[in-house]
Amino acid sequence: MPVSADTPLTRAIPSSGERIPVIGMGTWRVFDVGHGETARAPLDECVAAFEALGGCVIDTSPMYGWAEEVTGEILTSLGLRDRMFVATKVWTQGRDRGIAQMRDSMRKLRVDRIDLMQVHNLVDTATHLDTLRRWKAEGLVRYIGVTHYSDRAHGDVARVLRQESLDFVQINYSVAERAAEQSILPLAAERGVAVIANRPLAAGAALGRLRQRPVPEWASELGCSTWSQLLLKFVVSHPAVTCAIPATGNPDHLRDNMLAAFAPMPDAAFRERIARAATGQ
Ligand SMILES: NC(=O)c1ccc[n+]([C@@H]2O[C@H](COP(=O)([O-])OP(=O)(O)OC[C@H]3O[C@@H](n4cnc5c(N)ncnc54)[C@H](OP(=O)(O)O)[C@@H]3O)[C@@H](O)[C@H]2O)c1
């Protein structure tokens, strides 16, 4: 698959001004593979291609089975540990259990410092944010945030965004799940909080249907040759979105997705065209 020689587009993290590429990498399910070499080989290739194409944000969680350990092993074996922006999460109740889990994540990821630590699905948010503010001051984490994956939690996520001082919010956003446009995205922009879009391909569901159809002719005007590129460009061209984290264990899909990080990006009218073409609405 041809790849532009240009570098991927980046966006600034509002709280620091540090820039990150608009396409990152998720690890849910696809990195939960244990030690088997056969299952690991395509993931090595995905991470190597991701880095070669300018990617750096990789998102995982202690909730994802083997994913943190596999991520740590791959980054170490490829010598990429210091070149990646590693995001993980805390997903348990209680201060001490939270601290133990986060230390375990650092061990599995083989890092002394986590770039972004997020409270996963708002589990015991106030307790963990209290710890994380301290950890940030001590340099154990660089950025802090919260995540959710479901429209029904947007009210609670919005409350946390208003009440707390966060660097990042991670939320579900795609052509198939646009509710974040109503509350989370404008609020994050107003509060100066970076947005990571999870489920940017609606967990693959949107693509399953679309793959049967050719991409519209006008896709070439956006430099897109596949539906996944169109769907990802829809997500990352929202002005409040900092990056999207599609997950794949398939190196061809990874290269396909990375092309969505390159110009040109759709304007508002083109974004609606993508959404209509993809959803038929
Ligand atoms: N609460 C939370 O914090 C939360 C919740 C959900 C997700 N997340 C994060 O967000 C990441 C992304 O969300 P997600 O994994 O649910 O869904 P997603 O990225 O929207 O979709 C992943 C699915 O799309 C397929 N896919 C990816 N690229 C493709 C391509 N180019 N062509 C065809 N199929 C493609 C993958 O299969 P193949 O492997 O076959 O490519 C996989 O089944 C997660 O991995 C996780 O890191 C966080």
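Whatever order the structure lists ligands and atoms in, that order sets their numbers, starting from 1. From a predicted model like this one, the values you see are computed outputs, not experimental measurements.
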*For His120 and Tyr149, what are the C-alpha separation, side-chain angles and deciding distance, and is it a ring-ring contact (aromatic ring centres under 6.0 Å, His included)?*
CA-CA 9 Å; His120 199 155; Tyr149 68 98; 8.1 Å; no
*Trace of the salt bridge (charged side-chain N to carboxylate O under 4.0 Å, His left out) decision for Arg178 with Glu272*: CA-CA 11 Å; Arg178 296 186 66 174; Glu272 292 308 321; 2.8 Å; yes
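Side chain to side chain, Lys89 and Tyr64 meet the donor-acceptor criterion of an N or O pair below 3.5 Å. Side-chain atoms of Glu181 and Tyr173 include a donor-acceptor pair closer than 3.5 Å. Inspection of the Gln229 and Thr226 side chains reveals an N or O donor paired with an N or O acceptor under 3.5 Å.
You'll find the side chain of Arg95 reaches within 4.5 Å of the side chain of Thr131, heavy atoms only.
Salt bridge Arg133/Glu164: present, at least one basic N to carboxylate O contact under 4.0 Å. Comment: Arg29 does not engage Asp32 in a salt bridge, judged by the lack of any side-chain N to carboxylate O separation of less than 4.0 angstrom.
Atom CD1 in Ile58 sits 11.0 Å away from atom CD in Glu68 (nearest 0.5 Å). Between atom CG of residue Leu187 and atom CG of residue Leu161 there is a gap of 5.0 Å, rounded to the nearest 0.5 Å.
Closest to atom 13 (O) of ligand 1 among all protein heavy atoms lies Arg199 N, 3.2 Å. For atom 33 (C) of ligand 1, the nearest protein heavy atom (residue, atom name, distance) is His253 CE1, 3.3 Å. Taking atom 1 (N) of ligand 1 as the reference point, the nearest protein heavy-atom neighbour is Asn121 OD1, 2.6 Å. For atom 31 (N) of ligand 1, the nearest protein heavy atom (residue, atom name, distance) is Asn257 OD1, 2.9 Å. Annotation: atom 7 (C) of ligand 1 to nearest protein heavy atom, Asn198 CB, 3.7 Å.
Contacts between Thr248 and ligand 1 below 4.0 angstrom, taking non-hydrogen atoms only, involve backbone and side chain alike. By the criterion of a heavy-atom distance under 4.0 Å, both the backbone and the side chain of Ile245 are placed next to ligand 1. When non-hydrogen atoms are compared, ligand 1 lies under 4.0 Å from the backbone of Leu201 as well as from its side chain. The proximity of Asp59 to ligand 1, defined as any non-hydrogen pair under 4.0 Å, involves the side chain as well as the backbone. The proximity of Gln118 to ligand 1, defined as any non-hydrogen pair under 4.0 Å, does not occur for either the backbone or the side chain.
Residue Thr60 has no N or O atom closer than 3.5 Å to an N or O atom of ligand 1. Distances between N or O atoms of Thr27 and those of ligand 1 include at least one value under 3.5 Å.
Linking ILVMFWY residues whenever their side-chain heavy atoms come closer than 4.5 Å, directly or via other members, leaves Val195 and Leu116 in distinct clusters.
Tested against Asn172, the residues Thr147, Asn198, Asp151 include a single side-chain hydrogen bond (donor to acceptor under 3.5 Å, both in side chains) partner, Asp151.
Within ligand 1, the atoms closer than 4.0 Å to a non-hydrogen atom of Val30 are 39 (O), numbered from 1 in the order shown. Near Gly249, the atoms of ligand 1 lying under 4.0 angstrom from a non-hydrogen atom of the residue are 39 (O). For ligand 1, the atoms sitting less than 4.0 Å from at least one non-hydrogen atom of Ala203 are 16 (O), 17 (O), 18 (P), 20 (O), 21 (O), 22 (C), 23 (C), numbered in the order shown with element in parentheses. Counting atoms of ligand 1 from 1 in the listed order, those under 4.0 Å from a heavy atom of Pro246 are 19 (O). Less than 4.0 angstrom separates some heavy atom of His120 from each of these atoms of ligand 1: 1 (N), 2 (C), 3 (O). Contact atoms of ligand 1 toward Gln170: 3 (O), 4 (C), 8 (N), 9 (C), 48 (C) (distance under 4.0 Å to a heavy atom of the residue). Numbered from 1 in the order shown, with element, the atoms of ligand 1 that lie under 4.0 Å from a heavy atom of Ala202 read 20 (O). In summary, the atoms of ligand 1 found under 4.0 Å from a heavy atom of Thr147, numbered by their order in the structure, are 1 (N), 2 (C), 3 (O).
Within the structure, the closest approach of Gln229 to ligand 1 does not fall below 4.0 Å when heavy atoms are considered.
For atom 8 (N) of ligand 1, the nearest non-hydrogen atom from the set Tyr64, Tyr149, Trp28, Phe31 belongs to Tyr64. Of all the listed residues (Ala260, Gly204, Ala247), Ala247 holds the heavy atom that lies closest to atom 37 (O) of ligand 1.
Across all their heavy atoms, Ile274 and Pro266 have their closest contact at CD1-CG, 4.0 Å.
The environment of CZ in Arg113 is sparse: at most 12 heavy-atom neighbours from other residues, nucleotides or ligands sit within 6.0 Å.
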